[in-house]
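Atoms within each ligand, like the ligands themselves, are counted from 1 in listed order. Along the sequence shown, residues are numbered consecutively beginning with 1.
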Amino acid sequence: MPDGAQPVLDVRGLKTVFRTRGGLIHAVNDVSFSLRPGELLGVVGESGSGKSVTMMSLLGLLPSPPAQNAGGQVMFEGKDLLKVSASELRAVRGGRIGFIFQDPMTSLNPVFTVGYQIMEPLRKHMGLDKERARKRAAELLDLVGIPDAARRLKDYPHQFSGGMRQRVMIAIALACDPKVLIADEPTTALDVTIQAQILELVRDLRQKLGMAIVWITHDLGVIAGIADRVMVMYGGQVVEMAPVKELFARPRHPYTQALLQTIPSLHGPRGDRLRTIDGQPPILRKAPSACPFMSRCRHAVPMCGLENPARRTLTPGHDVACHRAEELAIVREVAHG
Ligand SMILES: Nc1ncnc2c1ncn2[C@@H]1O[C@H](COP(=O)(O)OP(=O)(O)O)[C@@H](O)[C@H]1O
Ligand SMILES: [Mg+2]
């Protein structure tokens with residue numbers, strides 16, 4: 001898609017804090033990204049890096065208190081979602097922006113039939129009557145590859161397997177023809193074969209429906225096969241952003257490089273020990289005045305402790321927030337010939 005295309009979602013300088021007994025937690029620090037029409041943006045980073053809070057924050061899904069927006073704007077269809085009324089935001093959510101939560105068991109309500117749960121948003125957001133909603137619900141189940149769709153509307157969530165429940169979640173998220181789909185680790189709980197099927201399905205649906213997708217995962221390996229661009233988060237910040245091929249070929253942030261080392265499929269035959277990154281993610285008690293990755297970075301120099309590196313563009317479309325990015329890139333190029 002053309003670089004100049006008007007973004008469907010444009011997030012600028014998003015900041016979110018939690019007011020806790022122990023003080024402020026700076027969970028999201030100045031996060032910016034835009035989503036182009038039809039693109040799939042992968043968001044990766046270890047657990048606790050701020051992926052979920054970023055997305056929930058822009059959809060107004062975090063309970064406040066303790067969460068509080070501390071700045072930024074989220075432009076969608078000409079409006080700043082951080083400024084619209086609660087009812088307007090509810091209409092966008094589950095309507096023009098679809099959302100899939102992490103755990104299918106907790107997000108499908110066990111006491112209602114699957115049909116009811118798909119028909120609900122259709123009646124609420126699209127104003128369909130019961131019969132039309134039922135017809136559309138069956139079409140949606142069929143679209144996400146659930147056999148015998150019309151009959152299965154009467155079933156309850158527990159009558160579906162994990163993979164099939166996840167498909168139902170996708171059907172609900174797609175119900176109102178969203179322009180944007182935000183999927184937060186939707187396949188983590190599933191076995192590898194089913195994960196692959198769901199990814200295939202999403203790729204296929206994107207083609208058919210032309211929506212833009214934000215796909216959150218802690219697994220860079222998952223992203224490799226499906227994303228157009230990747231945003232890498234660490235310590236509540238975007239540390240790197242690049243087209244997927246570029247990111248895998250020329251990772252510039254030491255954190256991204258370390259993440260790449262942890263993907264078993266990219267490093268030799270099965271049975272190879274999965275590497276993890278030494279050290280712990282930061283606890284975000286204060287707004288970072290140093291690089292948040294410093295304590296775990298093998299390239300850290302004193303400068304890294306003095307100033308949180310600003311995100312900047314290294315080559316067109318490739319952003320990184322590391323003081324030493326250029327210097328390390330040269331070293332890497334020499335080493336790799
Ligand atoms: N309700 C909460 N109260 C305080 N801190 C929270 C709350 N929810 C999330 N956080 C903090 O926000 C940070 C980012 O969390 P999250 O976005 O869930 O990470 P990820 O999705 O990348 O695993 C973490 O440091 C987490 O401890
Ligand atoms: Mg999360």
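Within the structure, the closest approach of Glu46 to ligand 1 falls below 4.0 Å when heavy atoms are considered. By the 4.0 Å heavy-atom criterion, Ser47 is counted among the residues contacting ligand 1.
Using modelled atom types and a 3.5 Å distance limit, the side chains of Glu240 and Thr256 yield a donor-acceptor pair. Judged purely by distance below 3.5 Å, without hydrogens or angles, the side chains of Tyr116 and Arg134 never pair a donor atom with an acceptor atom. Side-chain atoms of Gln237 and Asn308 form a donor-acceptor pair, as typed in the model, at a separation below 3.5 Å. Side-chain atoms of His218 and Glu185 include a donor-acceptor pair closer than 3.5 Å. The closest side-chain donor-acceptor pair between Asn69 and Thr16, if any, does not fall under 3.5 angstrom.
In this structure, Arg93 is not positioned above the aromatic face of Phe99 in the sense of NZ or CZ being under 6.0 Å from the six-membered ring centre and within 45° of the axis.
By the criterion of a heavy-atom distance under 4.0 Å, the side chain of Thr20, and not its backbone, is placed next to ligand 1.
At least one N or O atom of Gly48, backbone or side chain, sits closer than 3.5 Å to an N or O atom of ligand 1. Of the polar atoms of Phe18, none of the N or O atoms is found under 3.5 Å from an N or O of ligand 1, judged by distance alone.
When distances to the Mg ion (ligand 2) are checked against a cut-off of 2.8 Å, Ser52 contributes an N, O or S atom below that limit.
The nearest heavy-atom contact from the protein to atom 18 (O) of ligand 1 is Ser52 CB, 3.8 Å. Nearest protein neighbour of atom 22 (O) of ligand 1, counting heavy atoms only, is Lys51 NZ, 2.8 Å. Closest protein heavy atom to atom 17 (O) of ligand 1: Val53 N, 2.8 Å.
Just one of Val53, Val31, Val239 meets the side chain to side chain contact (heavy atoms under 4.5 Å, CB included) condition when paired with Met233; it is Val31.
Numbered from 1 in the order shown, with element, the atoms of ligand 1 that lie under 4.0 Å from a heavy atom of Ser49 read 19 (O), 20 (P), 22 (O). Less than 4.0 angstrom separates some heavy atom of Ala27 from each of these atoms of ligand 1: 12 (O), 13 (C).
Tyr255 and Tyr234 have tilted rings, their planes meeting at an angle from 30° to 60° on a 0 to 90° scale.
Between Ile213 and Leu35, the shortest heavy-atom distance links the atoms O-CD1, 3.9 Å.
Protein heavy atoms are found inside the 4.0 Å sphere centred on atom 2 (C) of ligand 1. Within the 4.0 angstrom cut-off, atom 27 (O) of ligand 1 has no protein heavy-atom neighbours.
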